[in-house]
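By convention here, the first residue in the shown sequence is residue 1.
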Amino acid sequence: MNMDDIFSQFGDIFGGGGGGFSGFGGFGGGGGQRRVKGSNLRIRVSLTLEEIANGTEKKIKVKRKVQAEGTTYKTCSTCNGTGQVTRITNTILGRMQTASPCTACGGAGQTIDKKPADADAHGLKVKEETVTIKIPAGVEDGMQLKVSHKGNEAPGNGIPGDLLVAIEEKPHPSLQREGDNLHYDLYISYSEAVLGASREIDTVSGKVRIKIDEGVQSGKILRLRGKGISNINGYGKGDLLVHVNVWTPKVLNKEQKEFFEKMATDDNFQPNPEKSDKSFFEKVKDMFS
Ligand SMILES: [Zn+2]
């Protein structure tokens, strides 16, 4: 399997030749008789973050052209099976010999002899097949995987095209992805911030319980090492960064209001950041280091 974005480098090299294998993806090998390559097929696969995190296997139904049973081939009479036609022209420099792909057979050296009624002009017919696609961990939205030879087949001794799989990432309800790292926004109440708490959070491998220390500051980032996405190149796993947000009540009753008014002048309620309480920008810097 190849991660490279290899959209067909082969255009339609030869034009429409009568009865030949024209219009296929390209050639294999060089010189003389050529192996025609079937065209590539493209599909999309939609994956959850959980599937991406650890890699998965997908069975996908694909409609691909395959050689119809009962199709037979014969040697191309135009090029006698060589796949090339030579032309000799007289020029002022003398006789010149040029070779070009045979247009009658598209360079394959073969043409259709007999084919069943349900096959197309190239002796192919569409068949639904289930293809197993191995998705490595760490793929990203927009990436393309190549499954070799699972595209459309080519006639005769041709080689099948490839199946190109475009990756789509389904949005996760509570986790945001940033490369191999994941972010989770945790909202805790004012009381939980003051008294400490134990909360369950989502990860790509199920729920995990974390402890929030008493006196936690809003904006604190808790790093759960190795709880992110596996790197696609095998460089370990990313982290899960839990962002602590303290939820401030918007409406207070009389009693609560009186309490907080009293605390407004209490020394214990005055901000007093220590060196260990990093500023937001230091934390962001930390996240990327
Ligand atoms: Zn030919």
Side-chain angles (χ1 to χ4, degrees), residues 1-2 4-45 57-89 95-134 144-166:
M1 196 177 290
N2 194 329
D4 294 337
D5 190 6
I6 12 180
F7 267 116
S8 163
Q9 307 101 316
F10 306 110
D12 288 338
I13 302 172
F14 31 81
F21 304 145
S22 56
F24 283 89
F27 302 119
Q33 188 181 317
R34 318 217 183 201
R35 293 185 71 189
V36 174
K37 191 178 180 228
S39 53
N40 292 338
L41 283 174
R42 288 181 174 81
I43 56 162
R44 287 177 182 281
V45 170
E57 214 174 76
K58 286 273 177 186
K59 290 192 192 312
I60 307 279
K61 278 187 182 164
V62 176
K63 281 183 179 163
R64 56 192 294 254
K65 285 184 184 175
V66 296
Q67 289 189 2
E69 222 172 287
T71 303
T72 56
Y73 302 91
K74 62 183 178 194
T75 303
C76 173
S77 55
T78 307
C79 63
N80 291 316
T82 62
Q84 287 188 329
V85 282
T86 10
R87 258 191 311 180
I88 294 163
T89 40
R95 278 155 67 87
M96 266 179 67
Q97 190 173 312
T98 51
S100 54
C102 173
T103 52
C105 63
Q110 295 176 303
T111 51
I112 303 264
D113 185 22
K114 289 191 199 101
K115 64 178 182 66
D118 60 345
D120 69 9
H122 303 293
L124 303 175
K125 63 181 193 179
V126 175
K127 191 183 161 201
E128 191 172 72
E129 271 181 31
T130 303
V131 179
T132 303
I133 302 163
K134 275 199 166 147
Q144 189 171 257
L145 306 178
K146 187 179 87 169
V147 186
S148 293
H149 307 321
K150 286 293 178 187
N152 288 322
E153 287 189 350
N157 62 357
I159 46 173
D162 302 321
L163 177 64
L164 303 174
V165 183

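Looking only at side-chain heavy atoms (C-beta outward), Q144 and V165 stay at 4.5 Å or farther from each other. Annotation: side chain of I60 is not in contact with side chain of L163 (no heavy-atom distance under 4.5 Å). Between Y73 and T111, every side-chain heavy-atom pair lies at or beyond the 4.5 Å cut-off.
Scanning both residues, R64 and P160, for their nearest heavy atoms gives NH2-CB, 4.2 Å. Nearest heavy-atom pair, V45 versus K58, reported as atom, atom and distance to 0.1 Å: CG1-CG, 4.2 Å. Across every non-hydrogen atom of V36 and A108, the tightest pair is CG2-CB, 3.7 Å. Here the closest heavy-atom approach between residue T71 and residue P116 is recorded as OG1-CD, 3.4 Å. In plain terms, the two heavy atoms of A104 and T78 that are nearest each other are CB-OG1, 3.3 Å.
Checked by atom type and distance alone, the side chain of D113 never pairs as donor or acceptor with a backbone atom of T72 at under 3.5 Å. Side-chain atoms of Q67 come within 3.5 Å of backbone atoms of A154 as a donor-acceptor pair (strictly under, hydrogens ignored). Distance alone, capped at 3.5 Å, places no donor-acceptor pair between the E153 side chain and the G38 backbone.
Taking CG of L164 as the reference point, atom OG of S148 lies at 9.5 Å (rounded to 0.5 Å). Residue D120 holds its CG atom at 8.0 Å from CD1 of I112, rounded to the nearest 0.5 Å. Taking CG of N152 as the reference point, atom NE2 of H122 lies at 11.0 Å (rounded to 0.5 Å). Separation of atoms SG (C79) and CD (Q110) is listed at 10.0 Å; rounding is to 0.5 Å. Atom NZ of K127 sits about 9.0 Å away from atom CD of E69, to the nearest 0.5 Å. To the nearest 0.5 angstrom, T98 atom OG1 is 5.0 Å from R87 atom CZ.
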field: Audit row: V131, I43, side-chain contact (heavy atoms from CB on, under 4.5 Å) steps and yes/no
entry: CA-CA 11 Å; V131 179; I43 56 162; over 6 Å; no
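Ion pairing of D162 with K37 is present here, as a side-chain N (NZ or NE/NH1/NH2) and a carboxylate O approach within less than 4.0 Å.
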